[in-house]
Amino acid sequence: MLQRFRLAYLGDAWVNWCPALGTVLANDEVKDGVSERGGHPVERKRMPQWSLRITAYAQRLLDGLDGLDWSGSIKEAQRNWIGRSEGASVKFALTPALSGGEGEMPPTPALSGGEGEVPLSPNPSPGERGTVPGYLTADPAIAGRLMAHANAMRKNPTEAEDKLWQVIRGASVGAKIRRQHIIDRYIVDFVCLPKRLVIEVDGDIHDLQQEEDALRTARLNELGFDVVRFTNKDVLQDTYAVRCKIQKVLAERRDVTQHVDSPPLPRRGAGGEGELAIEVFTTRPDTLFGVSFLTLAPEHELVAALTVPERRAEVEAYVATAKNRSERERQAEVDKVSGVFTGSYAKHPFTGADIPVWVGDYVLGGYGTGAVMAVPGGDQRDWRFAKHFGLPIIAVTEGADIEKEADERKDATICSEGFLKGLKVPDAIRRAIQELEKIGAGQGKVNYRLRDAAFGRQRYWGEPIPIYYKDDIPYPLPESALPLKLPEVDKFLPTESGEPPLARAKDWHYSPSPSEKGPGDEGHYSPLLGRGAGGEDYPLETTTMPGWAGSSWYFLRYMDPHNAKRFASQEAVDYWGQVDLYIGGSEHATGHLLYFRFWTKFLFDLGLIPFDEPAKKLVNQGMIQGVSAFTNVALTTFSYRPGFKPHSEREPSVFVSHSMLEKLKRPAVHHELIEAYRKHVSLDQIHLDGLYVTEYVTRHVPIGLLGKDDALDLNRFIDWRKSWLEYSGEYEFINESNGNYLCTREVEKMSKSKFNVVNPDDIIEKYGADTLRLYEMFLGPLEQSKPWDTNGIEGTFRFLKKFWNLYQPVEDAAAASHIGADPFLSSDAPTKAELKILHATLKKVTEDIGNMSFNTSVSQFMIAVNELSALKCKKYAILEPLVISLAPFAPHIAEEIWMQLGHAESISTAPWPQWEAQYLVDDSFSYPISFNGKTRLQLEFPATLGKEEVEAAVLANPEVQARLEGKVPKKVIVVPKRIVNIVV
RNA sequence: GCCCGGGUGGUGAAAUGGUAGACACGAGGGACUUAAAAUCCCUUGGCCCGCAAGGGCUGUGCGGGUUCAAGUCCCGCCCCGGGCACCA
């Protein structure tokens, strides 16, 4: 299904490969260039990977955000991640190398019209240029005419052409395919230029012109192309099989652009232009006349082809270093400019000037086209590169000081020579795109940072991917062979040769029965029954799906979990619809929560669900963090002592207590250190005056090993060190003056790997689950992260006890009239004050639940309980609704009380009590009286008093008069039932 | 560098532009108790005056502004947390 919609494909992807673990790691499993677990080195490696084309949904994922009631930070993170930028793609035609000698700088390109070797009008026609940029394999003589024709054909493909195009477009078959491409004087249906393969889909008409076709094939062969032909029928019947054949043929062919010395395409036409072009993406096509060089990413496919022989060694060395450098190194050296000239030049699409082509690692292979047009006058990175290598810097905007820095203002006026001169940036961008499109050298383009999502994992625990391989070509299992279940394996580990764990399974094969040959046919899969009767037996995919495969749609499955026919019935998805409220951590902002939306959109497109966003509202709960503890192991100058042989001498691990850390780092005689060493190393080996700590290695310690006052329990620590870390070298502790060893503490994410997990079981054991639940709510706003700290838990525990006591007998209340089964509550009519407390609480709690402000609800309950206790209220009419409102906060105790009140049904079925405004009105209001905004006294007035009456009453008050000292107030502001402010 | 959040007592925090610190923890004092636990009462932002009742000043990261009135709104900074980042 996914493949039919071109949503899943087997392509090459850069992965974090960890040779020691034999697995591919996710980005967040790699820390500082080594695996998070075990600290093994990780390298970037290109591997065939199943990928999902989430990029096809980039725009919709972006647009969809506007209609979602999700937290701003998540939306923003997703916008950043998708990274939409608008601009243009521009093609720079390649010219044959104009290389000078080794190390020589390229000549300054002449960029202003008139000075160049070829005087050009600002908008040359293809005829005038003598070539057609971008369609470089065409015979220029008739290129113009053919191009119009090719465009028309592209817009109006035959059914077969269109079907095939949909499954081979882009680089989905392993290399870039173009359609209706002009080669020489022919328009071929499809071509893969780097692999020199032409793909033709012949309609019925071809039967009548076989002679013509033979000529055409011969000419293409002469130019270095091979031709594969399919008929309309082939394609229409089984597009997928055709695609697989193409993929296979391509896989066997050499990529001519990968080798400098492979025969170049035969060049035709005047001007000697090359057949290829460098395509760049730019958000600033308005700066086109400021281009002074192009920069390719080191991994760009044309680097090798463009390198002139004299520079080959230099370029290859540079590319090799750049590739081997880890991400981390590359980021650490952001300030360092590096690059190398290829020796080749490209043609400026408008001026025709020669633009030198460089390689630089400031250009990223994975973004855009992996190549940039460098405008040092308008882009700071280009500027630094140009400065560093002495390349020309052309001012592109008025008022720019290009000696100092690039001018990146987007409200400037263009000043570089050419038709954009004098235009404001936004206008110039539009104009530049228009002109590029006119000459076919580019077009407006939207680029996304979002990459396709790797969908294979070298793990056991994941859904197996229902794909089998026949002659190394992947085919989907027929639906009858589904579901595919995980096989049994002896160990959940990669094989010795580094294959994923599923490769350990015996009979991990697909065996169709004899009548079931070929993809798409019905067949049944029986890995455990052995081969099918046909004796054929195809290996199954061994990678498994990532966690987000399941997490993207389980909410749908939950709607109808036992449905054997579909993920969920139409009725179920129609009934349940979107998730109303999703509460989740912000750490999933750009992973799960994006895939989750993507998956939903795809299912919507298939017409399987009636909504294209999974969750209407999303709130991030804050993370409860842990307070980690670390030991600090000293690395001292001892280790660096001349002649010291590590391991041959027993250097102890010296654990240094927290407050001693700084002291021991100063070069001085540290008796503590010397003592620690003396026991293990003979003294004369230590240079007494030079023993100090050069740095500390920090290691997490289970917080359970900390005792009172955070002192580390040394015996348990040593045991733990032996059993858990399997390490039992010599050790010494340098303690505080009171003999305690103190750890360094730090707030971090709570995580098993950090040994800072607090188990709620202990809390529940001591206080009960309701207390824990209530305390977590009471801690503060839901969205806020904070370290787990049980200091305040007594407060919620006391509250629950008081709440419980409300429903228990008081000694002198035995005579009260009773109601229901509860022996302690009275049926007396509640007082005004009691009703006010109840309804104020119901109001606050009802509103707070809507706002998810649970901490303030808990406060309100505490106030209610305090006040009702003070009133000794035992009235059923008050306490019954109150316990219902507490039920969502403390369900166990509420249920218990509910039963005690004589109810048979659960409290969760009781209707939510409604608050009534009538009980909340006050008869009087105590006005704060302020002078010039400063509150001085309180005066109580009936609530019915109007503005003027309050003002008169306030001014008549003797205390107010005394404060006025006879002065007449300038102004008196009365806000009814709020405040009175007297301006003097 | 860019984009989001934040910054209020010893602590967690509350506050439609309208009495800053509700509620709770902790701390101090007291009651009950042989004692402990539990429970209850009082005090608790800082500084100052007063024997006291009480009163004054000051105070929500810093500096300005708007307003009768600013933790809250506006402008400019500083700091902390998170996200993105040689993204063309």
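Here is how names work: the chains are called A, B, and so on, in the same order as the sequence lines, proteins then strands, and each is numbered from 1. This one's a predicted model, so the numbers in the text were calculated from it and none came from an experiment.
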inquiry  = What is the distance, to the nearest angstrom, from the CD atom on A:Glu86 to the P atom on B:rC87?
reply    = 18 Å
inquiry  = Are there over 12 heavy-atom neighbours, none belonging to A:Lys947, within less than 6.0 Å of that residue's NZ?
reply    = no
task = Flag the pair A:Phe799 / A:Phe778 as yes when their ring centroid distance falls below 6.0 Å, and as no otherwise.
result = no
key: Pairing nucleotide - B:rA69, Watson-Crick or G-U, each distance under 3.5 Å   = none
Given RNA chain B, 5'-ward residue of the pair A:Gly370 and A:Glu76, judged by closest heavy atom = A:Glu76
note = Per the O4'-C1'-N9-C4 / O4'-C1'-N1-C2 angle with a 90° window around 0, B:rG65 comes out anti
inquiry  = Tell me the interatomic distance from A:Phe92, atom CZ, to B:rA88, atom P, rounded to whole angstroms.
reply    = 17 Å
key: B:rC2 OP1/OP2 closer than 4.0 Å to side-chain N/O of A:Arg449   = no
ask   = Hey, is CD on A:Glu765 packed in by over 12 heavy atoms from elsewhere, all under 6.0 Å?
value = no
task = Could you state the atom-to-atom distance from CH2 of A:Trp70 to C1' of B:rG83 in whole Å?
result = 16 Å
note = B/S/- along nucleotides 63-69 of chain B (protein heavy atoms under 4.0 Å) is -----BS
Pair A:Thr55, A:Asp452: side-chain N/O donor-acceptor within cut-off below 3.5 Å = yes
ask   = Does the side chain to side chain donor-acceptor pair (under 3.5 Å) test come out yes or no for A:Tyr767 and A:Thr790, once each step is laid out?
value = CA-CA 11 Å; A:Tyr767 297 103; A:Thr790 54; over 6 Å; no
task = Using the C1' atoms only, state how far B:rA85 lies from B:rC77, rounded to an integer number of Å.
result = 25 Å
message = Would you measure the distance from the P atom in B:rU43 across to the matching atom in B:rA38 and give it in whole Å?
response = 23 Å
inquiry  = Distance check needed: B:rA24 C1' versus A:Phe854 CZ, whole Å only.
reply    = 19 Å
key: Interatomic distance, A:Asn855 CG vs B:rA22 C1' [rounded to whole Å]   = 12 Å
d(NE2, A:His588; P, B:rG83) in whole Å = 13 Å
key: Ring centre gap for A:Tyr582 and A:Phe596 strictly below 6.0 Å   = yes
message = Looking at A:Gly584, is its backbone amide N or carbonyl O close enough to the side chain of A:Asn620 to form a donor-acceptor pair, meaning the two atoms are under 3.5 Å apart?
response = yes
key: Closest-nucleotide ordering on RNA chain B, the 5'-leading residue of A:Ile74 and A:Ile979   = A:Ile74
key: Distance in angstrom units between A:Lys75 NZ and B:rG5 P, rounded   = 12 Å
request  = Please step through side chain to side chain donor-acceptor pair (under 3.5 Å) for the pair A:Asn866 and A:Lys802, ending with a clear verdict.
outcome  = CA-CA 8 Å; A:Asn866 288 345; A:Lys802 285 191 233 172; 3.3 Å; yes
task = Answer yes or no: does a side-chain N or O of A:Arg79 lie under 4.0 Å from OP1 or OP2 of B:rG83?
result = no
query = Where the side chain of A:Thr935 is concerned, which of B:rU19, B:rG12, B:rC57 is the nearest nucleotide?
reply = B:rU19
request  = Could you measure between the two P atoms, the one in B:rG12 and the one in B:rG64, and give it in whole Å?
outcome  = 29 Å
key: Between A:Gln59 and A:Asp63, a side-chain donor and acceptor under 3.5 Å   = yes
inquiry  = Check A:Lys836 with A:Asp922, please: is the shortest side-chain N to carboxylate O separation under 4.0 Å?
reply    = yes
ask   = Considering only the C1' atoms, how many Å lie between B:rC79 and B:rA14, rounded to the nearest integer?
value = 24 Å
key: Atom P, compared across B:rG10 and B:rG59: separation rounded to whole Å   = 16 Å
ask   = What parts of residues 781-802 of chain A reach RNA chain B, counting only heavy atoms under 4.0 Å away?
value = A:Pro781, A:Gln784, A:Lys786, A:Asn791, A:Gly792, A:Gly795, A:Arg798, A:Lys801, A:Lys802
